[in-house]
Student: 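The structure that follows is given in the form of structure tokens.
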Amino acid sequence: MAGKVKLGISLFSLTPLFVTRQWDLERCLKEVHEMGYEGIEVVAAQMVPNYPYPSDEWIQDFKGLLKKYELTLVTWSAYIDMGIRADRDLTEEEIIQYTRNDMIYAKKAGAQMVRTQHAISPKIYKRMLPFCKEIGVKLVIEMHSPHHPEVDVWKEYLEIMRDPASEGYFGVVPDFGIFQFTPHKIAIDSYLEGGCRKEALDKIIMEHESGRSLEEIINAGDYTEYEKGVIADIKHKFSAPAKVGDLAKLLSCTPYIHGKFHYLEKNCEDSTIPYGELMESIKNSGFEGYIACEYEGHRFDIDPKEQINRFAIMIDKMLK
Amino acid sequence: MAGKVKLGISLFSLTPLFVTRQWDLERCLKEVHEMGYEGIEVVAAQMVPNYPYPSDEWIQDFKGLLKKYELTLVTWSAYIDMGIRADRDLTEEEIIQYTRNDMIYAKKAGAQMVRTQHAISPKIYKRMLPFCKEIGVKLVIEMHSPHHPEVDVWKEYLEIMRDPASEGYFGVVPDFGIFQFTPHKIAIDSYLEGGCRKEALDKIIMEHESGRSLEEIINAGDYTEYEKGVIADIKHKFSAPAKVGDLAKLLSCTPYIHGKFHYLEKNCEDSTIPYGELMESIKNSGFEGYIACEYEGHRFDIDPKEQINRFAIMIDKMLK
Amino acid sequence: MAFELFNRILVSDEDITNITVEGIEIGYEFKLQYPSYRGTFLSCIEKLEIRIDNQLIETPRIGFYINGKEVLINELAELFREYWFITDFAVLRIYGEGLEIGTKHKVEVLLRHRIPYTGYFGNYMVEDAACTKVLNVI
Amino acid sequence: MAFELFNRILVSDEDITNITVEGIEIGYEFKLQYPSYRGTFLSCIEKLEIRIDNQLIETPRIGFYINGKEVLINELAELFREYWFITDFAVLRIYGEGLEIGTKHKVEVLLRHRIPYTGYFGNYMVEDAACTKVLNVI
Ligand SMILES: [Mn+2]
Ligand SMILES: [Mn+2]
């Protein structure tokens with residue numbers, strides 16, 4: 001791998017194998033190691049038994065496995081599960097407790113950083129800084145679709161992250177899903193299964209990519225009601241991707257990147273997210289962290305192992 | 001032990017030793033066996049780990065201990081914890097679930113009966129009959145002070161219990177505390193510690209026992225405010241004991257008795273509950289079940305072991 | 001469908017077994033898995049409907065057993081500190097008659113659940129997971 | 001006093017220990033026992049106040065750890081399915097500075113709790129258990 005960019009993987013990528021008990025945590029670690037991944041992210045709510053309060057024995061076992069498979073625990077991925085309760089959102093006190101708790105276990109497990117979510121709020125985020133410094137763990141927020149750098153709350157976050165007081169402890173994790181401009185294979189398959197005609201869908205996507213509006217597309221063809229819904233869905237989801245140029249602005253406070261994708265073709269390319277341009281931007285920025293494979297096209301009929309292998313090949317090629 | 005009356009004990013009697021971890025469950029079983037007790041009651045909410053959902057391993061271990069110490073599990077004591085929730089009382093559905101659950105684990109542990117509480121309601125009690133028959137476990141309700149046979153809900157219960165349809169499955173557990181007519185040593189010590197003068201208390205108790213009313217007692221002496229409170233407390237708690245004659249009326253549907261007491265003197269006698277007369281009534285009735293020692297005078301400075309030994313001596317003497 | 005994977009894991013392929021207490025049948029049970037990529041708190045379950053051989057089972061007959069405790073369906077929405085780990089099975093206990101060994105039964109489960117971190121611009125996503133399997137009784 | 005026994009078990013005699021994460025002190029902890037003869041559901045706790053060296057500790061700093069989970073004081077009243085077994089200790093974690101090893105501190109706990117089966121003729125009994133002990137830090 002060229003330069004200081006390192007190849008990581010969120011074990012979330014292995015969801016279909018993990019939730020069906022085909023691969024346990026150790027098997028996941030072993031396989032990603034063998035594929036050349038060096039750093040991992042664990043989604044604690046997914047793979048940590050007794051979460052949110054894992055046992056010390058589990059932590060010790062986990063650290064032993066990381067050593068065995070020569071893997072670095074880059075990121076402990078946490079949520080702001082604001083909507084846990086049926087009657088109300090979490091309170092500030094509760095969010096702090098959950099976040100502190102994740103940071104404690106992340107530290108015990110040896111993680112460099114905890115990924116959290118925008119719902120933490122700028123106010124609470126700032127309040128967590130002393131604890132980050134106290135225990136020496138970064139607390140980073142993922143910028144995930146449908147968010148992008150122009151969302152108001154993100155302008156606030158970026159200001160906080162760029163404040164020298166938080167340097168080394170705060171940061172943003174851009175999820176490349178924010179750059180996705182057109183439907184991926186999983187969505188396309190779903191539209192087709194739902195009854196959209198193949199030739200209609202090809203036309204819709206071509207017109208979407210050429211910049212036509214919802215009304216223009218609808219008026220330019222003879223579509224079924226379901227197909228009109230597909231058009232609306234595509235325009236709703238893929239009309240406002242972040243601009244590639246935005247990445248450069250984020251990278252100064254980016255310690256980690258989510259290489260999100262839903263499907264890579266046999267040629268190891270993604271036709272829905274401009275990976276080539278994004279990787280150029282990363283190389284030019286001097287970014288030194290991990291870019292993590294985050295495969296999310298989970299279906300029974302797709303082999304995640306093949307997909308994450310293609311990702312490693314794609315990134316490797318681009319970094320050369 | 002004369003006749004068919006058998007000596008049992010509620011392990012609740014050993015509370016001070018159990019909650020301070022001086023005696024574990026096995027030690028409790030060993031000691032009561034050595035004192036001649038043959039049957040036990042376990043208060044599940046007190047001594048069963050992982051209650052209300054004990055593990056099958058624990059059940060097996062417990063049964064092994066019962067065998068080792070030649071003890072019969074007579075009663076699994078359950079509660080109707082109607083006030084568990086802060087916002088409302090338990091619903092019918094919840095009461096049924098908790099009760100069914102206790103009956104299941106009682107059956108697994110080999111208990112003959114489950115003691116429940118009056119709060120189950122006559123309606124739900126009747127609904128439990130099919131399940132009692134299905135799994136072969138009695139469901140009995142304790143009549144505990146301040147209740148007595150003249151309380152309305154108890155008239156209903158006794159009618160249900162006397163219905164031939166419920167024979168062998170329903171019944172009442174009289175707690176001898178309902179016959180207590182004057183304060184026991186623990187209450188007296190508490191009044192004295194609270195500031196009541198010894199000579200004042202002697203006079204109050206004498207006058208209470210001779211049948212004087214609250215006003216008569218207060219007017220017949222020169223009492224402090226605290227002492228007036230003591231008089232009110234005594235009159236409130238000990239003015240309406242059940243009549244000894246009531247016991248005979250209950251015994252036809254009584255499979256089990258709680259020999260409640262708070263303090264037995266060195267001569268093994270209780271001066272606050274008419275044990276002699278009650279035991280005569282039991283002997284005359286042909287009652288064949290267990291009378292269980294239920295010592296409740298829990299303080300740090302009293303040895304429960306000595307108290308429950310005195311109980312065994314007292315009952316043994318009376319049954320001869 | 002995007003959630004096809006998760007729908008398919010909702011009802012475990014394991015057999016139905018009768019619940020017995022000292023040899024007496026008091027119902028039957030089968031296993032559920034949370035239909036997602038991660039675990040959740042029980043309070044995120046907004047609805048859980050069980051149909052056996054096309055019959056809706058009334059909630060008082062159902063015990064939802066997880067983490068060493070058995071709760072009622074009606075309580076799920078309030079259990080905001082009870083975590084359902086993604087590879088743990090919940091045991092769905094249906095009290096009443098047992099089922100005949102060797103027979104097959106259609107088990108239909110509908111689970112409506114809130115995704116607690118999805119309030120990006122307002123409301124949380126609520127998903128319906130549904131799974132129907134024919135299971136053996138052993 | 002009738003509840004003298006139970007008052008005295010509320011605060012365990014065991015020492016205070018600092019809470020550390022990879023060698024970094026993030027607070028201290030000590031143990032509580034439920035002040036009764038039997039266990040209860042956490043929802044029966046109506047108030048829990050902690051004073052250390054006569055200072056009331058604010059609730060956001062406190063973690064109440066039991067049955068493998070840590071909850072906030074403000075949540076106790078709602079946890080009607082979480083059982084506190086009578087011989088299990090709850091660990092009271094106070095986040096912030098640790099305490100100096102070898103020092104002694106006054107620990108005062110007030111626990112107000114509802115006795116859930118006492119509604120004989122109406123209201124439930126509510127008891128205040130209080131315990132003060134001077135504990136070592138080790
Ligand atoms: Mn991501
Ligand atoms: Mn009793």
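Because only heavy atoms are used, hydrogens play no part in the values below, and waters and symmetry mates are left out as well, while side chains stay in. Each chain gets a letter, A, B and so on, in the order its sequence line appears, and its residues count up from 1.
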Student: Measure the shortest side-chain to side-chain distance between Gln46(A) and Tyr37(C) over non-hydrogen atoms and say whether it is less than 4.5 angstrom.
Tutor: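 Gln46(A) reaches Tyr37(C) side chain to side chain.
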
Student: Below 4.5 Å from any heavy atom of chain A, which atoms of Asn67(C) appear? Answer side chain, backbone, both or neither.
Tutor: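 Looking at Asn67(C), nothing touches chain A.
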
Student: Tell me, side chain or backbone of Val153(A) under 4.5 Å from chain C's heavy atoms, or both, or neither?
Tutor: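 Neither part.
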
Student: Can you tell me if Tyr124(C) and Asp89(A) form a side-chain donor-acceptor pair at under 3.5 Å?
Tutor: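 Looking only at side-chain atoms, Asp89(A) and Tyr124(C) do form a donor-acceptor pair, the distance falling under 3.5 Å.
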
Student: Assess the residue pair Tyr51(A) and Phe85(C) against the criterion (ring pair (Phe, Tyr, Trp, His ring centres under 6.0 Å)); give the C-alpha distance rounded to whole Å, side-chain angles, the decisive distance to 0.1 Å, and a yes or no.
Tutor: CA-CA 8 Å; Tyr51(A) 184 79; Phe85(C) 186 59; 8.6 Å; no

Student: Pick one of side chain, backbone, both or neither for Glu46(C), based on which atoms fall under 4.5 Å of a heavy atom in chain A.
Tutor: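 When you check distances to chain A, no heavy atom of Glu46(C) falls under 4.5 Å.
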
Student: If you take all heavy atoms of Ile84(A) and Pro116(C), which pair is closest and at what distance?
Tutor: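 Here Ile84(A) and Pro116(C) meet closest at N-CB, 3.7 Å.
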
Student: Does the distance from a Lys or Arg side-chain N to an Asp or Glu carboxylate O, for Arg114(C) and Asp81(A), drop under 4.0 Å?
Tutor: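 Answer for the salt bridge query: no.
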
Student: Would you mind reporting whether Leu5(C) and Arg299(A) have side-chain heavy atoms less than 4.5 Å apart?
Tutor: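 A side-chain contact is absent here, since even the closest heavy-atom pair is not under 4.5 Å.
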
Student: What orientation do Tyr79(A) and Tyr117(C) show, parallel under 30°, tilted 30 to 60°, or perpendicular over 60°?
Tutor: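 Tilted, since the angle between the ring planes falls between 30° and 60°.
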
Student: Is any side-chain heavy atom of Thr15(A) closer than 4.5 Å to one of Phe6(C)?
Tutor: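 The answer is yes, as the side chains (C-beta and beyond) meet within the 4.5 Å cut-off.
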
Student: Heavy atoms, side chains only, cut-off 4.5 Å: are Ile86(C) and Phe18(A) in contact?
Tutor: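 Heavy-atom side-chain distance check passes, below 4.5 Å.
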
Student: Which answer fits Thr40(C), side chain, backbone, both or neither, if we ask what part of it has an atom under 4.5 Å from a heavy atom of chain A?
Tutor: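 No part of it gets close to chain A.
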
Student: Do the side chains of Arg85(A) and Arg81(C) get nearer than 4.5 Å, heavy atoms only?
Tutor: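 Arg81(C) vs Arg85(A): side chains apart.
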
Student: If you compare all heavy atoms of Phe41(C) against all heavy atoms of Pro52(A), which two are closest, and at what distance to 0.1 Å?
Tutor: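 The pair with the smallest heavy-atom distance is CZ-CG, 4.0 Å.
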
Student: Any chance CD of Glu97(C) has more than 12 other-residue heavy atoms, nucleotides or ligands included, within less than 6.0 Å?
Tutor: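 It does not: Glu97(C) CD has 12 such atoms or fewer within range.
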
Student: Rounded to the nearest 0.5 Å, what separation is found between the CG atom of Asp87(A) and the CZ atom of Phe80(C)?
Tutor: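 Going from CG on Asp87(A) over to CZ on Phe80(C), the span is 8.0 Å.
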
Student: Tell me whether the count of non-hydrogen atoms from other residues, nucleotides or ligands lying under 6.0 Å of NZ in Lys155(A) goes above 12.
Tutor: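 Counting neighbours around NZ of Lys155(A), more than 12 heavy atoms of other residues, nucleotides or ligands fall under 6.0 Å, so yes.
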
Student: Roughly how far, to the nearest 0.5 Å, is CE of Met82(A) from OG1 of Thr118(C)?
Tutor: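 These two atoms lie 11.5 Å from each other.
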
Student: Take a 6.0 Å sphere around CD of Glu100(C) and say whether it holds more than 12 heavy atoms from other residues, nucleotides or ligands.
Tutor: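 Atom CD in Glu100(C) is not crowded, with 12 or fewer foreign heavy atoms closer than 6.0 Å.
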
Student: Where on Ala45(A) is there a heavy atom nearer than 4.5 Å to chain C: the side chain, the backbone, both, or neither?
Tutor: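 For Ala45(A), backbone and side chain are both near chain C.
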
Student: CZ/Arg38(C) to CZ/Phe12(A) distance, rounded to the nearest 0.5 angstrom?
Tutor: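 That separation rounds to 11.0 Å.
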
Student: Give me the atom names and distance for the closest heavy-atom approach of Ala77(C) to Ala86(A).
Tutor: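 What the structure gives for the nearest pair is O-CB, 3.7 Å.
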
